[in-house]
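So the structure is just underneath, and the comments pick up after that.
Naming convention: chains lettered A, B, ... in sequence-line order (proteins, then strands); numbering from 1 in each chain. Everything quoted here is computed from the prediction, not taken from an experiment.
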Amino acid sequence: AQTVTQSQPEMSVQEAETVTLSCTYDTSESDYYLFWYKQPPSRQMILVIRQEAYKQQNATENRFSVNFQKAAKSFSLKISDSQLGDAAMYFCAYRRTGNQFYFGTGTSLTVIP
Amino acid sequence: KAGVTQTPRYLIKTRGQQVTLSCSPISGHRSVSWYQQTPGQGLQFLFEYFSETQRNKGNFPGRFSGRQFSNSRSEMNVSTLELGDSALYLCASSPGTADGYTFGSGTRLTVV
């Protein structure tokens with residue numbers, strides 16, 4: 001089975017600073033998708049960013065960007081200009097077409113005013 | 001556009017009882033998946049339905065079952081509840097098989 005590892009259970013960042021959350025995954029497949037989800041205290045999981053494995057270009061969504069290293073099976077999330085509203089649990093996830101998602105154990109991000 | 005709707009939001013049940021949770025996906029989404037979220041185990045996959053057929057199933061006992069209706073709405077049933085079934089149950093829908101999920105707000109189930 002595929003595994004997704006988030007080695008940082010907790011992270012903190014000063015407001016307006018940049019923080020990077022790490023994620024590694026294990027797969028023997030070449031075609032798959034990677035995601036970052038955010039779960040604030042309201043508990044609804046929100047899609048932050050999506051990356052197709054066949055695309056070499058790193059995905060970006062406003063202040064959120066990823067560093068996708070396919071050979072290293074690494075998929076980190078960078079949050080620039082951190083805001084108080086970014087405080088949440090962040091989950092990295094892997095999916096192959098037609099298959100279930102595999103989630104990491106999450107990283108709890110605290111934003112310090 | 002309405003999001004994924006899960007009902008009820010909170011539920012308290014007694015050990016041994018059964019429970020049914022409901023999920024209405026985003027209009028047009030044919031894939032519905034269910035996850036159990038607990039502090040100790042994280043997000044664990046229960047099952048996925050696509051066009052009324054169960055396509056994938058996680059490693060849960062047979063007490064956990066689900067179904068999907070022709071309008072894509074899905075229900076999840078847990079029979080003979082155990083204390084360890086206390087969790088947040090999340091439903092997620094997607095248009096197809098390679099898309100990201102849109103999650104509902106979940107149903108918080110407490111078994112006493």
Side-chain angles (χ1 to χ4, degrees), chain A residues 1-10 21 23 25 27 29-55 59-61 64 66 68 75 77 88-108, chain B residues 1-11 23 25-26 29-51 53-60 66 87-110:
Chain A
Q2 280 71 29
T3 57
V4 178
T5 302
Q6 293 179 250
S7 59
Q8 306 153 316
E10 297 178 347
L21 309 184
C23 173
Y25 57 95
T27 185
E29 305 296 330
S30 60
D31 187 18
Y32 50 88
Y33 302 83
L34 297 165
F35 305 83
W36 279 98
Y37 279 88
K38 166 186 176 181
Q39 188 178 36
S42 67
R43 82 193 192 193
Q44 179 151 20
M45 299 270 282
I46 301 165
L47 177 63
V48 175
I49 202 163
R50 174 178 181 262
Q51 174 80 44
E52 293 93 337
Y54 63 85
K55 287 187 176 179
T60 63
E61 286 290 341
F64 298 87
V66 297
F68 173 47
F75 183 61
L77 174 70
M89 184 73 83
Y90 286 81
F91 292 94
C92 177
Y94 162 102
R95 184 183 200 186
R96 281 185 55 215
T97 300
N99 283 6
Q100 69 187 74
F101 275 65
Y102 293 89
F103 287 89
T105 51
T107 297
S108 178
Chain B
K1 192 174 186 182
V4 178
T5 303
Q6 288 188 249
T7 56
R9 289 266 296 177
Y10 300 91
L11 206 50
C23 172
I26 289 175
H29 285 196
R30 294 193 293 163
S31 171
V32 175
S33 296
W34 290 88
Y35 285 82
Q36 181 195 66
Q37 186 177 25
T38 58
Q41 299 295 321
L43 281 147
Q44 292 193 289
F45 173 71
L46 282 154
F47 25 67
E48 179 189 9
Y49 287 88
F50 187 84
S51 295
T53 300
Q54 186 180 87
R55 189 166 58 183
N56 292 299
K57 189 177 188 303
N59 190 26
F60 276 80
L88 179 66
Y89 289 88
L90 292 168
C91 169
S93 73
S94 64
T97 61
D99 303 282
Y101 285 150
T102 299
F103 281 86
S105 296
T107 294
R108 172 77 65 188
L109 172 65
T110 302

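Taking the ring centroids of B/Y35 and A/F101, they lie at or beyond the 6.0 Å cut-off.
Taking CZ of B/F103 as the reference point, atom CD1 of A/I46 lies at 11.0 Å (rounded to 0.5 Å).
The part of A/Q39 that comes within reach of chain B is its side chain, from C-beta onward, which places non-hydrogen atoms under 4.5 angstrom from that chain. Heavy atoms of B/Q37 lying under 4.5 Å from chain A belong exclusively to its side chain. For A/Y37, the part sitting under 4.5 Å from any heavy atom of chain B is the side chain, from C-beta outward, and nothing else. B/S33 does not touch chain A: none of its heavy atoms, backbone or side chain, sits under 4.5 Å away.
B/Y101 places no side-chain N or O within 3.5 Å of a backbone atom of A/M45 that could act as its donor or acceptor partner.
Geometric assessment of A/R43 against the ring of B/Y10 yields a positive cation-pi assignment under the 6.0 Å and 45° thresholds.
Nearest approach of A/R50 to B/G100, heavy atoms of both residues: NE-N, 4.2 Å.
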